[in-house]
Student: 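Sending over a structure as structure tokens; questions will come in a sec.
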There are 2 protein chains.
Amino acid sequence: MSGKLTTKERLIHAAGEVFAEKGFRDATIAEISEKAEANIAAVNYHFGDKEKLYDAVWHRAFDLASTAYPIDGCLPENPILEDYIFSYANAILHRIFSETESGLFAKLLHQEMSNPTLALDHIAEEALMPQTRFLGKVVHLALEQHISEERIRLCMHSIIGQCAFFNFSRPLRKHVIGKTTMTENEIEQTARHIAEFSMGGLKEIQRIKHP
Amino acid sequence: MSGKLTTKERLIHAAGEVFAEKGFRDATIAEISEKAEANIAAVNYHFGDKEKLYDAVWHRAFDLASTAYPIDGCLPENPILEDYIFSYANAILHRIFSETESGLFAKLLHQEMSNPTLALDHIAEEALMPQTRFLGKVVHLALEQHISEERIRLCMHSIIGQCAFFNFSRPLRKHVIGKTTMTENEIEQTARHIAEFSMGGLKEIQRIKHP
DNA sequence: ACATAATTAAAACGCGCGTTTGAAATGAGT
DNA sequence: ACTCATTTCAAACGCGCGTTTTAATTATGT
């Protein structure tokens, strides 16, 4: 069963599911072990304790997400500004709505945001800052010189917010529109919308400040 | 101590703080009781069990937020479209960054989003739907006829996302810019930015679909 | 084949949790 | 002042958790 995976690998897979669904504290070693078809003591034998297992899951989640959906993954040859924003939004949305293990990162991040563990600092620096810098450059290009740093931050937040909110509104989507998934087409359409909407926003900000 | 509040009232206040910080499951009756300067058995005597206390806290949080910061609370006499969006954003941001008990609602909502309890359905219907309908009307006015329902939903999501993301990115704000608070001025500036940015986005969508 | 290491397994430990209990203290009505 | 309901209190209960322990089983190297 579970192919030819080792117990250690099965534990990481199972732990990923449970940590993503319940968060670090609410996840129990008993449930993880059962789902991995391993003994209750297997976690402590292979990882030392629950926290080290959590670290291993995070490490795997980060690798999967960043290689499966890089932030500049769908840029055309000579990209215009909107292409950058589309690529950013498209990658983030894919990470959020992926139903494979690539979606693990977003779900773990959601849990960390409401109940942070020590892992968050490391993740923020390692995984989140690079894509924030990517977006920072884009917004900087979009706006003319001598626009305040604060305004740039706000515009970045507007774009990030549009994307990331999908990661946090999942339970509401289930309640309002009945499903929490998105097809490939829906994802691309949504990313396109965010790119268009944001380009309009950026133009408007520039127009207001430099009429 | 604690003025002339009854034990029951002190418990609700203390429980609000603890539930907001830790979520339902991670919050312990021991900590709540201690903070309320009440006996460990007081919760069960006054509320029956932990869940009923949680309901009482939610009820109070909802009342406080919606009366302190109504969604149409700062509309001028003859509002233009941007005024509506500003009023919406301003109210949401105030709820999020309030350092009084009015901020309780947003914090509890954050916890519910990552680890939903039975309370969420009720809250979504009672508290979230009205303000979503408010925004729906605004976006509907902003866009011309025969624009798809889906596009309206996307635009609403763009605006909501910009506001609500502040409620979920708190731990990152602490990590990146060192603080998680906002002054009254910062809140208003941010709400103004969201209104401007969103007006630009809406105009762009309309321009693209009806050139 | 055998000795040794690596892994799995079942049971138990210690602890913190929500809850219950039964008695003590307090308050209100007459 | 006395009664009786209400509230507070300390202690204990039952349970589930992460972890440890000890033994059994399997794999590995020579």
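Letters A, B, ... are given to chains in the order of the sequence lines, protein chains preceding strands, and every chain is numbered from 1.
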Student: Expressed in angstrom and rounded to an integer, what is the separation of B/L11 atom CG from D/dT7 atom P?
Tutor: 12 Å
Student: Under 6.0 Å between ring centres, would you say that holds for B/W58 and B/F19?
Tutor: no
Student: Starting at CZ of B/F47 and ending at C1' of D/dT7, how long is that distance when rounded to a whole Å?
Tutor: 14 Å
Student: Roughly, in whole Å, what's the span from CD in B/E37 to P in D/dT7?
Tutor: 19 Å
Student: Please check if the distance between the ring centroids of B/F24 and B/Y54 is under 6.0 Å.
Tutor: yes
Student: Figure out the CG/P separation between A/D26 and D/dG16, and round it to whole Å.
Tutor: 15 Å
Student: Within less than 4.0 Å of OP1 or OP2 of C/dA6, is there a side-chain N or O belonging to A/H46?
Tutor: no
Student: Can you measure B/K50 atom NZ to C/dG16 atom P for me and round it to whole angstrom units?
Tutor: 16 Å
Student: Taking for each residue the nucleotide of DNA chain D bearing the nearest heavy atom, is the 5' side occupied by B/T7 or by A/E51?
Tutor: B/T7
Student: Expressed in angstrom and rounded to an integer, what is the separation of B/N44 atom CG from D/dC9 atom P?
Tutor: 15 Å
Student: Quick test of your reading of the model: are B/K107 and B/E101 salt-bridged, counting only N-O distances below 4.0 Å?
Tutor: no
Student: Among D/dA11, C/dG18, C/dA11, which nucleotide has an atom closest to any side-chain atom of A/I40?
Tutor: C/dA11
Student: Within the structure provided, determine whether B/L141 and B/V138 are in side-chain contact (heavy-atom separation under 4.5 Å).
Tutor: no
Student: Nearest whole angstrom, please: distance from the C1' of C/dT19 to the CG of B/L53.
Tutor: 14 Å
Student: To the nearest angstrom, how far is B/I32 atom CD1 from C/dG18 atom P?
Tutor: 8 Å
Student: Look at the side chain of B/D49 and decide which nucleotide, out of D/dT6, D/dT20, C/dT19, has an atom nearest to it.
Tutor: C/dT19
Student: At 4.0 Å (heavy atoms only), tell me whether B/A42 reaches a base, stays on the sugar-phosphate, or touches nothing.
Tutor: nothing
Student: The side chain of A/T28 is closest to which nucleotide in this list: C/dT19, C/dT7, D/dG18?
Tutor: D/dG18
Student: Starting the side chain at C-beta, find the nucleotide from D/dT6, C/dA9, C/dG18 nearest to A/A41.
Tutor: C/dA9
Student: Looking only at side-chain atoms of B/N39, point me to the closest of D/dC9, C/dG18, C/dT8.
Tutor: D/dC9
Student: Heavy atoms only: give me the nearest A/E112-A/L120 pair and the separation to one decimal.
Tutor: OE1-CB, 3.5 Å
